[in-house]
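Some notes on the structure that comes next.
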Amino acid sequence: MSEATLDDTKLPNRIYRAVVMRTERLTEGMMRIVLGGPDLATFISTGIGDEYIRLFLPERGESIPVYPHPEGDYWEYTPDQVAGPMRTYTIRSVDPQAGEISVDFVVHPGGIAADWALSVRAGSEVGFNTPTGLYELPADATWQVLLADATGLPAAARLLENAPAGIHTTAILEVAGPAHEQPLQLGDEMQVRWIHGGNGNSPSRLAEVLREMDLPEGPGYIWVAGEARVTREARKYLRKELKLPVTHFKVVGYWTDKAEEWNERYEALGEDFKKWLEELWSTDKDPEIIQDEVADAFDANGL
């Protein structure tokens, strides 16, 4: 098991077959699953605090997932395979000496990944692909602000642990209530503020809190992870109102509240809307401008 360096441009596309080593209940709403096994001896981490993987989970009632095969930059299934559930999760920590990684799961009734995390036992199998990280602190930054709900908490916690010396770091973490807070490793230049709510239980306050913040002077970096509409609002504030350079913020939507209702509204827009989106993303426009247009279209259509 090793870690990529900043000079590495791309990690090899792989599918890892992992074994559940142990599980731990962190809080009322979060489980930690520690993965290991022979395949992880050659695992390469990006070293980026918010690196994520696609987990290939077994179907309910099954113990082994359907493993796809690497193909170019992606993966594929053979004609005789039926793809199983796949979900995206952050790697909470990497232990190269033990050959293990930890993945923290927000657990809630009904979710296939949450149900798996709550019921899985040591020795069970799960697959995942090569990790990818999004966080990129600019070289000139002197401070950073991390905002996340429960789904972004594992990444935010790892980013806090890995914060470079000399970078003043503030984290705003939104969880359902006091029982969902976690002890975090904090240095002298770090501060954490817990707020309660959001996470599908009530409206999120993350975008509101971001707007109310007096940001430090000088160049900095703002990283936001959480519900799609909330992060869209945060991105609009950072890009259009504060007019920050795109290199000085990263906003990531991890999940969609009331996803079934969202899907119904999306499907009701028809094939023309889907075709427009597909064609938009296939153009050579600046990806940030594309995101602007998509956000405006989603807002206009109540998505």
Side-chain angles (χ1 to χ4, degrees), residues 26-32 46 48-53 87-93 102-108 111 113-114 117 131-137 141 143-164 167-187 189-213 215 220-239 244 248-257:
L26 298 177
T27 65
E28 178 183 332
M30 193 165 289
M31 288 286 300
R32 174 166 296 164
T46 66
I48 301 172
D50 68 347
E51 67 178 347
Y52 63 89
I53 52 177
R87 298 293 186 271
T88 303
Y89 277 88
T90 302
I91 296 178
R92 173 62 181 85
S93 63
S102 295
V103 180
D104 292 355
F105 290 71
V106 174
V107 290
H108 53 85
T132 301
L134 298 174
Y135 168 94
E136 189 173 2
L137 187 71
W143 57 268
Q144 63 179 339
V145 174
L146 314 173
L147 299 102
D149 64 12
T151 62
L153 173 55
R158 186 175 173 191
L159 289 171
L160 282 167
E161 293 171 358
N162 295 342
I167 302 294
H168 185 273
T169 302
T170 299
I172 310 295
L173 304 175
E174 184 176 57
V175 293
H180 296 258
E181 296 181 14
Q182 297 181 21
L184 301 173
Q185 297 179 23
L186 302 178
E189 297 174 295
M190 302 178 193
Q191 59 183 11
V192 171
R193 176 186 170 192
W194 294 95
I195 58 177
H196 300 147
N199 295 287
N201 302 306
S202 61
S204 172
R205 293 175 51 216
L206 283 178
E208 171 191 344
V209 170
L210 174 59
R211 282 181 171 275
E212 293 172 349
M213 292 187 72
L215 298 175
Y221 186 67
I222 300 175
W223 177 91
V224 189
E227 198 276 330
R229 295 180 188 86
V230 175
T231 54
R232 206 161 68 220
E233 183 180 346
R235 181 181 178 277
K236 186 181 299 184
Y237 170 67
L238 296 172
R239 178 163 165 78
L244 293 181
H248 285 64
F249 68 87
K250 176 59 67 176
V251 179
V252 191
Y254 277 13
W255 65 289
T256 300
D257 192 20

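In this text the structure is predicted, and so the values were computed from the model without any measurement. All residue numbers in this chain count up from 1 along the given sequence.
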Can you name the nearest heavy-atom pair linking [X] to [Y], along with the distance?
X: Arg235; Y: Phe249; result: CG-CE1, 4.1 Å
X: Met31; Y: Ala117; result: CE-O, 3.8 Å
X: Ala179; Y: Glu28; result: CB-OE1, 3.8 Å
X: Asp104; Y: Pro154; result: CB-CG, 3.7 Å

Starting from the C-alpha separation in whole Å, work towards a yes-or-no answer on side-chain hydrogen bond (donor to acceptor under 3.5 Å, both in side chains) for His196 and Glu181. CA-CA 9 Å; His196 300 147; Glu181 296 181 14; 2.7 Å; yes

Test Arg158 against every option in Thr90, Ile91, Asp50 by the side chain to side chain contact (heavy atoms under 4.5 Å, CB included) rule and name the one that passes. Ile91

Ring geometry between Tyr254 and Trp223 (parallel below 30°, tilted from 30 to 60°, perpendicular above 60°): perpendicular

CA sep, side-chain torsions, deciding dist, call: Val252, Thr231, side chain to side chain contact (heavy atoms under 4.5 Å, CB included): CA-CA 6 Å; Val252 191; Thr231 54; 6.0 Å; no

The test is side chain to side chain contact (heavy atoms under 4.5 Å, CB included); show your working for Tyr237 and Val251 and say whether it passes. CA-CA 11 Å; Tyr237 170 67; Val251 179; over 6 Å; no

Please, which pairs that meet side chain to side chain donor-acceptor pair (under 3.5 Å) have at least one residue in residues 200-210, sequence neighbours excluded?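 Pairs touching residues 200-210 that pass the test: Glu174-Ser204.
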
With sequence neighbours left out, write down each residue that passes side chain to side chain contact (heavy atoms under 4.5 Å, CB included) with Ser93, or none if nothing qualifies.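 Checked Ser93 against side chain to side chain contact (heavy atoms under 4.5 Å, CB included); matches are Ser102.
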
Counting N and O atoms only, with roles assigned by atom type, does the side chain of [X] sit under 3.5 Å from a partner on the main chain of [Y], one being a donor and the other an acceptor?
X: Asn199; Y: Gly197; answer: yes
X: Glu227; Y: Asp257; answer: yes
X: Tyr135; Y: Ile48; answer: no

Please evaluate residues Leu153 and Val106 with respect to the criterion side chain to side chain contact (heavy atoms under 4.5 Å, CB included), reporting the C-alpha separation (whole Å), side-chain torsions for both, the decisive distance (0.1 Å), and the verdict. CA-CA 9 Å; Leu153 173 55; Val106 174; over 6 Å; no

Give a yes or no on whether Glu189 atom CD has more than 12 heavy-atom contacts from other residues, nucleotides or ligands under 6.0 Å away.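 More than 12 within 6.0 Å, yes.
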
Any side-chain heavy-atom pair of Ile222 and Leu147 under 4.5 Å: yes

Worked verdict on Arg232 versus Arg229 for side chain to side chain contact (heavy atoms under 4.5 Å, CB included): CA-CA 5 Å; Arg232 206 161 68 220; Arg229 295 180 188 86; 4.1 Å; yes

